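Below is one structure; the comments refer to it alone.
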Amino acid sequence: NTTYTTISGATAQLGIYADVDIRFKFTTGATDDIDVSEDDELILPAQTLTFITVPRGLGNSIYFHYISNSTTTGSVRIVEV
């Protein structure tokens, strides 16, 4: 199941650390799930701290959606900067 978080309007970057490889995308809607059978998302490798710039050109309401890239589950930590 896709998980999402609403990004604050003041957030410029996200710091992300995941225990497993995750697929992710930014959207303007909370119901935009990730289809793991498609390859239109980016993948963050497991156990890597990554900082990503929030694409503010999408508008005021931005959501960060993510899901494990395999059947393995793990925790994901997200810090808004």
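Note that the structure is a prediction, hence the values are computed from the model and not measured.
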Under 3.5 Å, which donor-acceptor pairs link side chains of residues 24-32 to any protein atom two or more places apart or in another chain?
residue: Lys25; atom: NZ; partner: Asp33; partner atom: O; Å: 3.2
residue: Thr27; atom: OG1; partner: Gly29; partner atom: N; Å: 3.4
residue: Thr27; atom: OG1; partner: Gly29; partner atom: O; Å: 2.8
residue: Thr27; atom: OG1; partner: His65; partner atom: NE2; Å: 2.8

Are the side chains of Tyr66 and Val76 in contact, using a 4.5 Å heavy-atom criterion?
yes
Using distance only, find each side-chain donor-acceptor pair of residues 47-57 under 3.5 Å and give its atom names and separation, not counting sequence neighbours.
residue: Thr48; atom: OG1; partner: Ala46; partner atom: O; Å: 3.2
residue: Arg56; atom: NE; partner: Thr11; partner atom: O; Å: 3.2
residue: Arg56; atom: NH2; partner: Ser8; partner atom: O; Å: 2.6
residue: Arg56; atom: NH2; partner: Thr11; partner atom: O; Å: 3.0

How is the hydrophobic cluster of Tyr63 composed, in terms of its other members, when Ile, Leu, Val, Met, Phe, Trp and Tyr link through side-chain heavy atoms under 4.5 Å apart, directly or indirectly?
Tyr4
Applying the side chain to side chain contact (heavy atoms under 4.5 Å, CB included) criterion to Ile22, which one of Ile16, Thr3, Ile43 satisfies it?
Ile16
Under 4.5 Å between any side-chain heavy atoms of Val20 and Ser68, yes or no?
yes
Can any side-chain N or O of Asp21 pair as donor or acceptor with the backbone N or O of Pro45 at less than 3.5 Å?
no
Reported CD1-to-CD1 distance for the pair Ile78 and Ile7, which is rounded to 0.5 angstrom:
8.0 Å
Atom CG in Leu14, atom CZ in Phe64: separation rounded to 0.5 Å?
6.0 Å
